[in-house]
Amino acid sequence: AQSVTQLGSHVSVSEGALVLLRCNYSSSVPPYLFWYVQYPNQGLQLLLKYTTGATLVKGINGFEAEFKKSETSFHLTKPSAHMSDAAEYFCAVSAPNFGNEKLTFGTGTRLTIIP
Amino acid sequence: ETGVTQTPRHLVMGMTNKKSLKCEQHLGHNAMYWYKQSAKKPLELMFVYSLEERVENNSVPSRFSPECPNSSHLFLHLHTLQPEDSALYLCASSQDRTGGVTDTQYFGPGTRLTVL
């Protein structure tokens, strides 16, 4: 079984400030981990994913996430927030090669950027 | 068109209506998915099709009926829905459904459904 917990359903940061969105997971096997972003009135867009290898993963729009096995975390960061980053962000976990239907999503974090 | 498209983008229907949601993927993928997104809840997987064969049905009520005529198209037929079925319905596709390292799901923009 696997699960995802996203701490903070709403996060507000000032434009230019660090963005940190938290994600903790549980999985009985080494996981694949994902961050998706959903802009208003749009579907989910893949930001980045971790499968194997380097634990620091870089994604689109300047985002990155680090897989920390010891902390069972996969937090999403961006050094400097931009107004266009305002969206909802979803962390997800899957069990590799167990089928895509095993992709489990968190409840999402809505990011607000303060001008 | 590229990616995953969904029509209509918005739908309002009464409880006695019959309507259909359409999804089309232009990525050459073999697997397609229907998800339900409700406020404050994680995405709920409803159906999975692989090579036009249904492989997963997560205890979805029979008032939702999927159809996958080919690997590029997926439909969700709706009838006698309830107000609690109001949600954003997302379609996704992936190369396969194995969940392997390259097997990422790509999502459409969704259909916002309101049941009166």
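Letters go in sequence order (proteins before strands), and every chain restarts at 1. Note that the coordinates shown come from a computational prediction; the quantities given were computed from them, not determined experimentally.
- Taking chain A as the reference chain and counting heavy-atom pairs below 4.5 Å, the highest number among B:Arg9, B:His10, B:Glu44 is found for B:Arg9.
- The part of A:Tyr36 that comes within reach of chain B is its side chain, from C-beta onward, which places non-hydrogen atoms under 4.5 angstrom from that chain.
- Of the listed residues (B:Gly110, B:Pro109, B:Gly108, B:Cys91), the greatest number of heavy-atom pairs within a distance under 4.5 Å of chain A belongs to B:Pro109.
- Proximity to chain B (any heavy atom under 4.5 Å) is restricted, for A:Leu46, to the side chain, taken from C-beta onward.
- Proximity to chain B is absent for every atom of A:Gln45, based on heavy atoms less than 4.5 angstrom apart.
- Proximity to chain A (any heavy atom under 4.5 Å) is restricted, for B:Leu90, to the side chain, taken from C-beta onward.
- Of the possible polar contacts, none joining the B:His29 side chain to the B:Ala31 backbone as a donor-acceptor pair under 3.5 Å is found.
- With 3.5 Å as the limit, one finds a donor-acceptor pair spanning the side chains of B:Tyr35 and B:Gln105.
- Remark: the backbone N or O of A:His75 is not paired with any side-chain donor or acceptor of A:Ser73 at under 3.5 angstrom.
- At distances below 3.5 Å, not a single donor-acceptor pair connects side-chain atoms of A:Glu71 with backbone N or O atoms of A:Asn24.
- Listed by chain and residue number, nothing satisfies the side-chain hydrogen bond (donor to acceptor under 3.5 Å, both in side chains) test with A:Gln42 (two or more places apart in sequence, or in another chain).
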